[in-house]
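These numbers come from a predicted model, not from an experiment. Side-chain atoms are counted along with the backbone in the values below, which use heavy atoms only and exclude waters and symmetry mates.
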Amino acid sequence: MEMKISAKKSLGIIYILGAALCFALMNLFVNLAGTLPLIQKVFFRNALTAVVVFFILLFQKDKFRIKSKSCLIWLFLRAAVGYVGVILNFYAIDHIGSISDASILNKLSPFFAILFSVALLKENPTIPEVVFTLTAFAGAMCVVNPRFDMSVLPALSGFLSGACAGFAYTCVRILAVKGERGIITVFFFSAFSTIVSLPFMIVQFQPMSWMQLLYLMLAGAAATGGQFFITAAYRLAPAKEIAVFDYAQVLFAAILGYFILSQQIKPLSIVGYVIIIGAAVGKWIYTLSLAKKSKTVAAEPEEKKQNDDG
């Protein structure tokens with residue numbers, strides 16, 4: 001039995017690494033698409049996912065049925081805030097100068113999720129969780145390198161995209177607790193983003209070369225692949241056990257940015273990467289130790305009962 005669990009977890013790690021690579025590729029293709037309007041890029045990023053998931057749902061038993069009316073508000077919140085997060089992330093990708101910087105700032109989402117869980121789920125963070133969160137934000141300041149001029153906007157945009165993603169993930173957790181299907185959450189978000197983007201894209205539409213169109217289609221394909229990989233990963237293993245491997249996206253983005261876009265990483269950004277990923281690894285180890293401790297505590301009464309029966 002232990003072998004099966006271990007094999008599942010290993011496969012889950014492979015899937016989440018696949019998702020990290022897909023999202024790093026998405027960032028690369030968005031950057032390669034050039035100076036197209038931001039909304040045009042957002043539209044293509046979500047439209048392909050919406051179409052693919054639409055056809056998958058057509059062949060499922062429950063099709064497009066939403067679990068309950070109480071899920072609707074959370075689906076809308078997840079979609080709306082997630083949509084703003086994608087816009088902010090794409091702005092950062094286009095202007096921050098390094099797709100790895102944009103990736104690491106977006107990966108602040110788990111730490112923002114802790115903050116939003118206090119308000120939305122009434123969960124009280126432990127002192128170590130607060131320390132890890134503050135440490136991660138300190139690392140983010142190294143990447144953002146705050147300055148009192150407009151040049152800080154792209155980095156600030158990346159930072160806020162992480163906040164939006166953290167809120168969106170908290171909504172996803174609430175929807176999971178309510179029993180909503182993950183594929184419905186993905187479809188609602190991608191369909192919402194596509195529909196909202198459409199009128200703005202029509203107004204601002206800029207003719208594209210075949211290469212630009214190809215890059216946007218590849219960005220959409222990579223985003224779709226990332227969604228499926230990450231969904232499959234979390235079906236095989238709990239997020240607390242494998243989520244830290246999602247930070248491989250930063251490494252993938254740094255490699256792609258260096259070799260394809262000739263992007264150099266600033267020394268201060270590298271310090272920020274180390275601090276943020278260090279905080280993520282620390283939080284991961286702490287979460288696993290808590291889970292192990294709770295299992296041990298739960299097993300003690302059963303063991304005592306067996307001894308008493310003997």
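Taking OG1 from Thr194 and CZ from Phe54, the interatomic distance works out to 12.5 Å, rounded to the nearest 0.5 Å. Atom CZ of residue Phe44 and atom CG of residue Leu213 lie 5.5 Å apart, to the nearest 0.5 angstrom. Distance check: Leu25 CG to Leu218 CG gives 9.0 Å after rounding to the nearest 0.5 Å.
Judged by distance alone, the side chain of Glu180 and the main-chain N or O of Cys71 form no donor-acceptor pair under 3.5 Å. Panel note: side chain Lys41, backbone Val30; a donor-acceptor pair is recorded below 3.5 Å.
Remark: Leu58 CG is packed, more than 12 non-hydrogen atoms of other residues, nucleotides or ligands lying under 6.0 Å away.
Between Asn27 and Ser103 the shortest heavy-atom distance is ND2-OG, 3.1 Å. Scanning all heavy atoms of the two residues, the minimum distance from Ala102 to Ile93 falls at CB-CG1, 3.9 Å. Between Val143 and Gly272, the closest heavy-atom pair is CG2-CA, 4.0 Å. Closest approach of Phe116 to Ala163, counting heavy atoms only: CE1-O, 3.2 Å.
Here Phe245 and Trp284 bring their ring centres to under 6.0 angstrom of each other. Remark: aromatic rings of Phe228 and Tyr15 are distant, center separation not under 6.0 Å.
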